[in-house]
**Q** 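My questions will all concern the structure given below.
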2 protein chains.
Amino acid sequence: MMSASSHPRPALTVDVVIFTLKSSRLQVLLIQRARQPFAGDWALPGGFVSMEEPLEEAAMRELLEETGIREAYLEQLYTYGDPDRDPRGRVVSVAYYALIPSDAQVRSQGGSDASQARWFPIDELPKLAFDHNDIIAYGLRRLRYKLEYSAVGFQLLPEDFTLGELQRTYEIILGEKLDKRNFRRRILQAGIIEPTHRFKSGEGRPARLYRYRPDAVAEVKARRLFP
Amino acid sequence: MMSASSHPRPALTVDVVIFTLKSSRLQVLLIQRARQPFAGDWALPGGFVSMEEPLEEAAMRELLEETGIREAYLEQLYTYGDPDRDPRGRVVSVAYYALIPSDAQVRSQGGSDASQARWFPIDELPKLAFDHNDIIAYGLRRLRYKLEYSAVGFQLLPEDFTLGELQRTYEIILGEKLDKRNFRRRILQAGIIEPTHRFKSGEGRPARLYRYRPDAVAEVKARRLFP
DNA sequence: CCAAAAGTGTTTGCTCTACACCCATGG
DNA sequence: CCATGGGTGTAGAGCAAACACTTTTGG
């Protein structure tokens, strides 16, 4: 029951799992803790929610502080509230995950606090502070799951991208090879991306560039996109 | 960034969308607020999270206080943190939903506070306090979605149930008729429920009773169960 | 002209859907 | 014996999976 009294309150934080593609791998941004507890350990970017700040804005602020990026795909994951998760006392954390494009200019150094920041491939994570390993594991599960029935994948790519790049993105995250023709047919049928008139050349034949259709519904209701 | 200082903290509550089947309809338990703000309006059961209490336990406690029920399917929904959602100040709420069996003995009167409690069919909700209409709408969406690829439906039925009852449950919640033979084939194929040796008689031919297989994985990974 | 990646359709198998009749009981 | 809900199989359609060759460019 609501009451206006003020009991002692748990502290409230946000933590953000920031995903990107780097060196053809899915990576997560971690920062090295300067203070106790877990001083020296790696942890997710996160911090306290201030009194007037919406939760999503707090998550965006963490993203901005650690990467310098102002806009990204951001989604609430889960709220972690085990009373023992922080040795300093009761701290409840609302976890988010963010996808940032592989071409974004990230200053992964010198966030608001002088702590070190680094990208870690998802399969080479160190042991993290608090319950952050669990949070990342859950974030990864959600991301994979989401790829299967939506088209969020392109949020990890530059604004314009080729179908080959998109397919590689899916393969990296899902960890399996996909059939080129089936992939193209389905991703286009979903109607979430559209061809541009531009091409990208490099090795081999130039590839048509595609982009997100801002008017599209990002979720494909009907059925899973991939096996 | 974490710091051990203590800024002013948002208040933290849990709210619980309690679903049940009554009179062949999906219903939600609401309580009438005795106090300001929104005095007299209906609202979700909910309350402050105490310092040592896990979130899920706080949600269970609310469920117990309002219904007298100790065990039920319970799942975290989403965390609502708009700074303006409560006129008294900053209140962040972790929302849960619960499914309680249609045969459970609910004392829907005289919870811990003397406020009135009542079941409302999901399509006859009054205008609720705070953002509680949004929370219920989201809870319903999640429940429907979950029915399509898992078998949570039976959580709303007695321990033993017939396939006819289960199918009616699905039809009530999804709001569409399902084909009997296809329903049975798929729900059994999913391997989440198993036949007992008992039967239930009433009108017409007695029906075999089924029950949940406690050892089963509740989620059917592969594919949606229903269209 | 060779290497590299882009681009493109068709066949096959499987899964989902639609559909109708007999069975067991209680009144 | 009649009314009521329980229980069962199959054929056809639509979707998903598997599969190989041609095209375009840069070096």
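Only this structure's heavy atoms are used, side chains among them; waters, hydrogens and symmetry mates stay out. Numbers restart at 1 for each chain; the letters A, B, ... are given by sequence-line order, proteins then strands.
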**Q** Would you kindly give the CZ-to-P distance between A:R208 and D:dT23, to the nearest whole Å?
**A**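 Those two atoms, CZ and P, are 18 Å apart.
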**Q** So that I can tick it off, tell me whether A:E66 and A:R107 are bridged by a salt bridge, with the cut-off set at under 4.0 angstrom between side-chain N and carboxylate O.
**A**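 Looking at A:R107 and A:E66, the cut-off is not met.
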**Q** Set out, line by line, the N/O atom pairs under 3.5 Å between protein and nucleotides 9-13 of chain C.
**A**
{"residue": "C:dG9", "atom": "O6", "partner": "A:R185", "partner atom": "NH2", "Å": "3.1"}
{"residue": "C:dT10", "atom": "O4", "partner": "A:R185", "partner atom": "NH2", "Å": "3.3"}

**Q** Below 3.5 Å is the cut-off: list the nitrogen or oxygen pairs between protein and nucleotides 24-27 of chain D, distance only.
**A**
{"residue": "D:dT24", "atom": "O2", "partner": "A:R205", "partner atom": "N", "Å": "3.3"}

**Q** Between A:R61 and A:E65 (salt bridge meaning N to carboxylate O under 4.0 Å), is one present in this structure?
**A** yes
**Q** B:F161 has an atom CZ; how far is it from atom P of D:dG6, in whole Å?
**A**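 Rounded to whole Å, this separation is 14 Å.
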**Q** Take the protein atom NZ of B:K180 and the nucleotide atom P of C:dC22, then report the distance between them rounded to whole Å.
**A**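 That distance rounds to 14 Å.
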**Q** Can you tell me if B:E194 has over 12 outside heavy atoms packed within less than 6.0 Å of its CD?
**A**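 Atom CD in B:E194 is crowded, with more than 12 foreign heavy atoms closer than 6.0 Å.
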**Q** Rounded to the Å, how far apart are B:L178 CG and D:dG6 P?
**A**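 Taking CG of B:L178 and P of D:dG6, I get 14 Å after rounding.
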**Q** Could you tell me the separation between the CD atom of A:E176 and the C1' atom of D:dA17, rounded to a whole number of Å?
**A**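 Result: 13 Å.
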**Q** Take atom CZ of B:F183 and atom C1' of C:dT15, then tell me their distance rounded to the nearest Å.
**A**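 The distance from CZ of B:F183 to C1' of C:dT15 comes to 19 Å, rounded to the nearest Å.
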**Q** Measure up the B:Y80 and B:Y78 rings against each other and bin them: parallel (under 30°), tilted (30 to 60°), perpendicular (over 60°).
**A**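 Aromatic pair B:Y80/B:Y78 classed perpendicular.
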**Q** For A:A72 versus A:L99, what's the shortest heavy-atom pair and its separation?
**A**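 The pair with the smallest heavy-atom distance is CB-O, 3.5 Å.
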**Q** Can you check side chain to side chain contact (heavy atoms under 4.5 Å, CB included) on B:I136 and B:V28, steps first, answer last?
**A** CA-CA 8 Å; B:I136 294 179; B:V28 175; 4.0 Å; yes
**Q** Is any side-chain heavy atom of B:L166 less than 4.5 Å from a side-chain heavy atom of B:Y210?
**A** no
**Q** C:dT8, C:dC16, D:dT8: which one has an atom nearest the side-chain heavy atoms of A:R184?
**A**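 Minimum distance to the A:R184 side chain belongs to C:dT8.
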**Q** Can you tell me how far P of C:dC23 sits from CG of B:L163, to the nearest Å?
**A** 20 Å
**Q** Looking at B:D160 and B:R211, is there a salt bridge between them, counting it only when a charged N and a carboxylate O are closer than 4.0 Å?
**A** no
**Q** Starting at atom CZ of B:R186, determine the distance to atom C1' of D:dG7, rounded to an integer number of angstrom.
**A**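 The answer, rounded to whole Å, is 17 Å.
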**Q** Under the side-chain contact (heavy atoms from CB on, under 4.5 Å) rule, collect the residues that match up with B:P121, sequence neighbours excluded.
**A** B:R25, B:Q27, B:D123, B:E124
